[in-house]
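Please read the structure below before turning to the comments.
In this chain, residues are counted from 1 in sequence order.
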Amino acid sequence: MTEQVTIIGAGIVGICCALSLQERGIPVRLVDRGDPGQETSFGNAGVVSPWSIIPQAVPGIWKKLPQMLLDPKSALSVRASFWPKMIPWGLRFLGKSSEKSVREVSDAMEILCRPSIDLYRRHLQGTGHEQLIADSYYIHAFRNPGQADMDELGYQIRREKGGELERVDGAELRRLEPALSEEFKAAIVIKGQARATSPGRLGAVLAEKARAQGAEFVHAEVSNLIRTEDGAWQISTSQDTLNARHVVLAAGVWSADLLKPLGLPVPLVAERGYHVEFPNPSAVLNNSVMDVDAKVVASSMQGGLRVAGTAEFGNVDAPADPRKEKILTDQAKSLVPDLNTGEAQFWMGRRPSFPDSLPAIGQLNGKEGLYAAFGHSHYGLMMAPKTGELVADLVSGRSPNINLDPFSLARF
């Protein structure tokens, strides 16, 4: 097949889909209202982790939710106007929290996350920006050493699948990360990881590679997607009307609104995440570090030291909550006491989240030529390259030799 494929959404998932399609000789067009890779893909913690394969819903989480929701400094919050949508989504979320479900979802997450480092390095090869993916550990730091339990289900699953994990005490943790607070008494170190030293730059560089290889970029907002009488797709945008035989929907949380008129309601919500980046930090972290208590991740990047986290459920277009900046800044200081918090840059983005932490990937039932590539929740940076590979295989008629049922929208 050599007919042009239109990709709605130029975030990191859409960009990776474009590169993989180009590798198969298929021309691409990407449509997005913003600059490539500069919206949701821009603001993550930069972790590229083959072992981020544990879903958000885990056994016993129902016991923790009330306390988290009542704590104003908690990583979890729900805007009052969003509760009518949150309750049915939350019930589905809790329904996926058994050990059996966690293991099944983990198997599917592994398919997408395991090859992420190698695929990014392949995409970056020859760009002159190979350093955007750096080798790293992922350090889960604990104030209470008793909580650093290698037999906890998430760590157990990682080790069963071949992950190299090590539990270290406070002294060894300080050797790995001298800038980290002495309040942290133990850590679990997940090895064989990498981190993006600038997620926004990574998206821009890979988009420029796609452009240099012939990709067309259309700067416009997509408002509607309809099937024409001849079986093609008509894409209404703020600039023009586009037509395509094959469309990849990689518009993140906005994908749901485009599917509703097609009779495909999906349980996709905006799980809004925040970060604060400190451009002159006066302290450096050697690896990506999670404060397990606060549920935030800190990483040194090209633009400074970034602390990212929180899960705020709310309407997609609701304004950012300014209180989050102080909360994240205080948490950053708690992690790295010598951190210079001046000139902080505050950001909010919208993760597209399904209740089971898995994305939708593949051709939509009864919608020939329309492919899903959205809903990657907290894991978009890790899952993007393999998602691109799978989508490109499907569009080009190759069999991916992988069971894609866990990623089908029909699961809901």
>> Regarding E389 and S20, do their side chains bring together a donor and an acceptor under 3.5 Å, going by distance alone?
In response: yes

> Do Q331 and D291 have a side chain donor and acceptor closer than 3.5 Å?
Replying inline: no

>> Is the shortest side-chain heavy-atom distance between I7 and R29 below 4.5 Å?
In response: no

>> A quick test of your reading: do over 12 heavy atoms of other residues, nucleotides or ligands sit less than 6.0 Å from CZ of R79?
In response: yes

> With distance as the sole test, does T387 use its side chain to make a donor-acceptor pair with the main-chain N or O of M383 at under 3.5 Å?
Replying inline: yes

> Q156 and E152: side-chain donor and acceptor closer than 3.5 Å?
Replying inline: no

> So with a 6.0 Å cut-off around NZ of K209, is the heavy-atom count from everything else above 12?
Replying inline: yes

>> Going by salt bridge (Lys or Arg N to Asp or Glu O under 4.0 Å), name the residues that satisfy it together with D35, two or more places apart in sequence or in a different chain.
In response: none

>> Testing R306, K324, E277, H275 one by one against W347 for a side-chain contact (heavy atoms from CB on, under 4.5 Å), which residue passes?
In response: H275

>> Just by distance, no angles: are the side chains of S106 and K161 close enough, under 3.5 Å, to form a donor-acceptor pair?
In response: no

> What class does the angle between the rings of F313 and F82 fall in, given that below 30° is parallel, 30 to 60° is tilted and above 60° is perpendicular?
Replying inline: parallel

> Charged N to carboxylate O under 4.0 angstrom, R24 versus D393?
Replying inline: yes

>> To the closest 0.5 Å, what do you measure between CG (N280) and OG1 (T341)?
In response: 11.0 Å

> Is the NZ or CZ atom of R350 both under 6.0 Å from the centre of the six-membered ring of W254 and within 45° of that ring's axis?
Replying inline: no

> Is the cationic atom of R195 (NZ for Lys, CZ for Arg) positioned less than 6.0 Å from the six-membered ring centroid of Y137 and within 45 degrees of its normal?
Replying inline: no

>> Can you see whether S353 engages E271 through a side-chain donor-acceptor pair at a distance of less than 3.5 angstrom?
In response: yes

> Which class fits the ring pair Y138 and H140: parallel under 30°, tilted 30 to 60°, perpendicular over 60°?
Replying inline: perpendicular

